[in-house]
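For reference, the structure discussed in these notes is given below.
Small disclaimer: the values here were computed from a predicted structure and weren't measured. Proteins come first, then strands; the chains are lettered A, B, ... in the order of their sequence lines, and each starts at number 1.
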Protein chains: 2
Amino acid sequence: MTKEHDIFKSFLAEKRLKLTPQRRAILDTVFETHRHFDADELVEIIRHKEKRISRATVYRTLDLLVKAGLVTAMELGEARKVYEHVIGHKHHDHLICMKCGRAIEFDDGFIELLQQKVCDRLNFEAQTHSLRIFGRCESCR
Amino acid sequence: MTKEHDIFKSFLAEKRLKLTPQRRAILDTVFETHRHFDADELVEIIRHKEKRISRATVYRTLDLLVKAGLVTAMELGEARKVYEHVIGHKHHDHLICMKCGRAIEFDDGFIELLQQKVCDRLNFEAQTHSLRIFGRCESCR
DNA sequence: CTGATCCTTGCGACTGAGTCTCATTATATT
DNA sequence: AATATAATGAGACTCAGTCGCAAGGATCAG
Ligand SMILES: [Mn+2]
Ligand SMILES: [Mn+2]
Ligand SMILES: [Zn+2]
Ligand SMILES: [Zn+2]
């Protein structure tokens, strides 16, 4: 039993929700995928495993995974929301190339600290944040 | 003639585009509105002035104003994009209350500087950025 | 076992912000 | 004024995401 299974199971139990084969397939696939993906890509990956799944169930389950803290959702400038799993990937933000679309991950503890300072100063209780820098990547500039 | 008029006029001229009464009405209304607004709100405000305007024209002109650097567009977590004019409002980012929806503006030059450092380190040419901190505001926490 | 309760699923219909098409009208240029 | 080019409004269209609902499955009381 993986860590993410345990977390999802307790999350569901606490909310009186059930761990179904579909939810298990979604959880597994999300944690096998080590890149950003969108909901319909996830549907396709699961269907290639010969498993039946509906778009609605995938959307519904992704919401649950986000609420459980296992997945983050973000808008990287394209039309669709993209997702990535959390365990094994510490928090990071993105540089987004407006020419090729590439998303470069970065992490700067000092920026995060200063964000917290801003919140303290304004008496705001931060829960999450999203920092996106748009421009040209190394190979596109 | 206001500064924004001059800028928009040169922008249009340079691109061989035309200054129409509709574009003038949109520009004026955008600069009279000192808060975040969405495209359909703008349509309503202009129509209340007894001016005919179509949604398509408002969407198209807002894109031009963004390209001209006169307006910024952002997603504050709700469904619709919101806009605000630039002149007279220096750059800032937002704390967004997930309970009441309020957007609190802040500006931290140090954070901006560190963002530039990240870009330099990764050889990325920054054009714009969006930093949103989601949580609970003073009155909702 | 039987029935009541409650959750989940898949399907397809629906929503709604934003975009596009196109016939008509307006602006800029000469 | 004539010409070339761009802009407009109306409504059709797109498409990511949501919702309603009927059918199915687990759980539990009696
Ligand atoms: Mn990432
Ligand atoms: Mn603002
Ligand atoms: Zn690039
Ligand atoms: Zn609030």
Between P of dT5(C) and CZ of R16(A), the distance in whole Å: 18 Å
End-to-end axis angle, where each axis spans five pairs of the helix from dC1(C)-dG30(D) to dT30(C)-dA1(D), to 10°: 30°
Touch class at under 4.0 angstrom, heavy-atom based, for R55(B) against every strand present: base
Parallel, tilted or perpendicular, as decided by the 30° and 60° cut-offs, for the rings of H34(A) and H89(A): parallel
Parallel, tilted or perpendicular, as decided by the 30° and 60° cut-offs, for the rings of H129(A) and H91(A): perpendicular
Phosphate OP1/OP2 of dC7(C) contacted by T20(A) side-chain N/O (<4.0 Å): no
Contact under 4.0 Å: Q22(B) side-chain N or O vs dG9(D) OP1/OP2: yes
Between P of dG18(C) and CG of D38(B), the distance in whole Å: 7 Å
Integer-rounded Å distance: dG18(C) C1' and E75(A) CD: 15 Å
Nucleotide nearest P21(B) (side chain, heavy atoms from C-beta), chosen from dT27(C), dG10(C), dT8(D): dT27(C)
Phosphate-side-chain proximity, R23(B) and dT8(D), N/O vs OP1/OP2 below 4.0 Å: yes
Spacing between L42(B) atom CG and dG18(C) atom C1', to the nearest angstrom: 15 Å
Residue whose closest nucleotide on DNA chain D lies nearer the 5' end, K18(B) versus R80(A): K18(B)
Whole-Å gap separating C1' (dT8(C)) and NZ (K15(A)): 17 Å
Separation of atom CG in L64(A) from atom P in dC7(C), rounded to whole Å: 13 Å
Rounded distance [0.5 Å steps], CG in D120(A) versus CG in L114(A): 11.0 Å
Closest to side chain of L17(B), choosing from dA7(D), dG10(C), dG9(D): dA7(D)
Side-chain N,O (S54(A)) to OP1/OP2 (dC11(C)) below 4.0 Å: no
Distance-only donor-acceptor check, side chains H92(B) and E84(B), under 3.5 Å: yes
Salt-bridge criterion met for R80(A) and D40(A) (N-O under 4.0 Å): yes
Between dT5(D) (C1') and L19(B) (CG): distance, integer Å: 16 Å
Distance in Å, I45(A) CD1 paired with I26(A) CD1, rounded so as to fall on 0.5 Å steps: 12.0 Å
No-hydrogen, no-angle side-chain donor-acceptor test under 3.5 Å, T29(B) and K49(B): yes
Inter-residue atom distance R141(B).CZ - Q127(A).CD, 0.5 Å rounding: 10.0 Å
Any Y59(B) side-chain nitrogen or oxygen under 4.0 Å from OP1 or OP2 of dT19(C): no
Selected nucleotide, minimal atom distance to A56(B) side chain, candidates dG11(D), dA7(D), dG10(C): dG11(D)
Nearest-Å distance for atom pair CG/P, residues D40(B) and dG18(C): 8 Å
5′-ward residue of the pair R24(B)/R47(A) relative to DNA chain C: R47(A)
Under 3.5 Å donor-acceptor pair, R60(B) side-chain atoms to dG9(D) base atoms: yes
